[in-house]
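Here is the structure we will look at.
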Amino acid sequence: MGEMLVQEWEVYATNLANAEEHELQTALTNIIKEETINMQDESCVVIGRDTRPSSENLSLAVIDGVTAFESRYQDYGLVSTPQLHYIVCCRNTDGRYGEPTVEGYYQKLSKAFNDLVKQSPNSEADKKSLSIDGANGIGALKIREMEQHLQPLLSLLLFNDGSKGKLNHACGADYVKVLQKAPEGIDMKPGERCCSFDGDADRIVYYYKDNEHRFHLLDGDKIATLISTFIKELLVKVDLTLNMGVVQTAYANGSSTRYLEEIMKVPVYCAKTGVKHLHHKAQEFDIGVYFEANGHGTVLFSKRAEEQIRQLVDTGTSEESRKAAQMLKNVIDLINQTVGDAISDMLVIEAILSLKGLSVEKWDEIYTDLPNRQLKVKVADRRVIETTNAERRTIKPPGLQENIDEIVKKYHMSRAFVRPSGTEDVVRVYAEADTQENADALAHEVCLAVFHRAGGVGDEPKPLR
């Protein structure tokens, strides 16, 4: 379905990647046997590439591999990662999900977007345009192609479009999120909406500058809150009892969790860090919303939810109910359910802001983020740290969690957790508290605890100020 690789297959992928050439046949035969694959079945490999210089040769290498197996392939050329996921889903649902082409993607999304925005009381009002930082990647190319489908309801200003800058250099979603500042090459005016894609266009963050020229970031937590609040309000209007959940990681800001649970009455679940964990957890609900704080996320609708919503468009008990059902149907068509998709998520956000008559400042005011700090501690071996409860508690080394609990008690509205990096010998530390000063002090104390109990190397962590 164009979704994440199921976890059972990760073992096969690892074995295949690590197999020496003479072991390749055995590794493949093993997969065929384990999964009882009928080798007479027709198969087709869908191929796409991005704008990096290496992409063309890698793409040709894949084609060589497919051809060597006397199989079929279809090369879609330059596409964003989420567009490729979309195409796979369309092909494997015999077109029920949409037409399996890039043009089909533009048509489906723009029709849903235009239908939604036309229901807005403010759709004809003077709309400030949206400034997009394309990260000098494939997303910039694709938004340029799609632009004509969105006019006149959405006016876009594209920066870092790849014509001269380098991919992700001083721009892109990660740069903005980590450094908490605007990318280079974008012209920001106070109160204007801006967003940044990442290089392959599967992540998005929003931001703006206030009248005092202070920078404000609206990350994945703020996006998840906006989208799930909107969907919950529509569900109340159509009077559907579908089971809805928001999936976050331990990195989600405590204020967003509190707002969703206490004010919106939407259940929130915590999954391990990594999109695959969030995606699989979100599949457990009729409507599952998931976003990582870095801006990667989407909404999943169960078959049951989709059928009930589509039915209510015609059979709703009141005009308000039918209108709300129509909006939900448009949202289903606008969301790329296969994977996080910067273009699709951007259009959902823009439609919601228009329908609710919200400025970017008003959206930002839904809740105030608790000050937080992320640090890392170098250790001799990251494997000494073992975690539980979606990485929020440590079970090894002994005494570390008790130590962290004692430290956390000293600060107001605080929490902290540590987890080993997946790629290097460092332990990542996250802390939040009522003030930035306290968040920094808490993070530092936890770093010291990790350094002394988990085999820190080099100098002892220094206070931030």
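Numbering of residues begins at 1 and proceeds along the displayed sequence.
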Main-chain N/O of Leu141 paired to Arg144 side chain as donor or acceptor, under 3.5 Å
no

Donor-acceptor contact below 3.5 Å, side chain Asp198 vs main chain Asp202
yes

Salt bridge Glu432-Arg373, side-chain N to carboxylate O under 4.0 Å
no

Apply salt bridge (charged side-chain N to carboxylate O under 4.0 Å, His left out) to Lys177 and list each qualifying residue two or more places apart in sequence or on a separate chain.
Asp219

What I'd like to find out is whether the side chain of Cys270 reaches to under 4.5 Å of the side chain of Gln248, using heavy atoms alone.
no

Would you say the side chain of Met264 lies within less than 4.5 Å of the side chain of Tyr259, judging by non-hydrogen atoms?
yes

Taking the side chain as C-beta and beyond, is there a heavy-atom pair between Ile349 and Trp363 under 4.5 Å?
yes

Using the test side chain to side chain contact (heavy atoms under 4.5 Å, CB included), find all partners of Thr298 that sit at least two apart in sequence or belong to another chain.
Tyr290, Leu300, Ile335

Flag, side chain of Ser120 to backbone of Ser354, donor-acceptor distance under 3.5 Å
yes

Tell me if a side-chain donor or acceptor on Glu3 pairs with a main-chain N or O of Val339 at a distance below 3.5 Å.
no

Side-chain donor or acceptor of Asn136 paired with backbone N/O of Asn168 under 3.5 Å:
no

Residue set satisfying side chain to side chain contact (heavy atoms under 4.5 Å, CB included) with Asp341, at least two apart, ordered chain then number -> Pro82, Tyr105, Asn336, Ile343, Ser344

Checking Glu284 now: which residues fulfil salt bridge (charged side-chain N to carboxylate O under 4.0 Å, His left out) with it, not counting sequence neighbours?
Lys281

Quick one: list whatever passes salt bridge (charged side-chain N to carboxylate O under 4.0 Å, His left out) with Asp187, sequence neighbours left out.
Lys189

To the nearest 0.5 Å, how far apart are NZ in Lys222 and CG in Asp369?
4.5 Å

Spatial distance of atom OG1 (Thr249) from atom CZ (Arg419) [nearest 0.5 Å]
8.0 Å

Does Glu307 come within less than 4.0 Å of Arg304, counting only side-chain N to carboxylate O?
no

Donor-acceptor pair, distance only, cut-off 3.5 Å: does the side chain of Glu306 make one with the backbone of Lys303?
no

Carboxylate-amine/guanidinium contact Glu192 Lys209, below 4.0 Å:
no

So the ring-ring contact (aromatic ring centres under 6.0 Å, His included) pairs with at least one residue in residues 135-178 (sequence neighbours excluded) are Tyr106-His149

Pairs flagged by ring-ring contact (aromatic ring centres under 6.0 Å, His included) wherever residues 21-76 is involved - sequence neighbours left out:
none

Test: Lys108 cationic atom under 6.0 Å from Phe113 six-membered ring centre, within 45° of axis:
no

Ignoring hydrogens and angles, tell me if any N or O in the side chain of Asn160 forms a donor-acceptor pair with the backbone of Glu184 under 3.5 Å.
yes

Compare all side-chain heavy atoms of Ile223 with those of Ile204 and state whether any distance is below 4.5 angstrom.
yes

Under 3.5 Å: donor-acceptor pair, side chain of Asp286, backbone of Asn243
yes

Checking the side chain of Asn30 only, and the main-chain atoms of Thr26 only, is there a donor and an acceptor separated by less than 3.5 Å?
no

Which of Ile227, Val247, Val275 passes side-chain contact (heavy atoms from CB on, under 4.5 Å) with Phe291? Answer is Ile227

Using ring pair (Phe, Tyr, Trp, His ring centres under 6.0 Å) as the criterion, list what pairs up with Tyr251, not counting sequence neighbours.
Phe417, Tyr430

Once you round to the nearest 0.5 Å, how far does OH of Tyr12 lie from CG of Leu28?
12.0 Å

When rounded to the nearest 0.5 angstrom, what is the spacing between CG in Asp364 and CG in Leu226?
11.0 Å

Lys276 meets the salt bridge (charged side-chain N to carboxylate O under 4.0 Å, His left out) criterion, sequence neighbours left out, with Glu10

Kindly say whether Cys89 contributes a backbone atom to a donor-acceptor pair with the side chain of Thr93 at under 3.5 angstrom?
yes

Just grab all the salt bridge (Lys or Arg N to Asp or Glu O under 4.0 Å) pairs involving residues 162-175, residues at least two apart or on different chains.
Asp174-Arg203

So how far is it from Ser80 OG to Ile143 CD1, rounded to the nearest 0.5 Å?
9.5 Å

With sequence neighbours left out, write down each residue that passes ring pair (Phe, Tyr, Trp, His ring centres under 6.0 Å) with Tyr208, or none if nothing qualifies.
His216

With sequence neighbours excluded, tell me which residues meet side chain to side chain contact (heavy atoms under 4.5 Å, CB included) with Thr368.
none

Decide yes or no for Lys376 and Glu424: does some side-chain heavy atom of the first lie under 4.5 Å from some side-chain heavy atom of the second?
yes

Would you please say whether a donor-acceptor pair under 3.5 Å links the side chains of Glu391 and Thr273?
yes

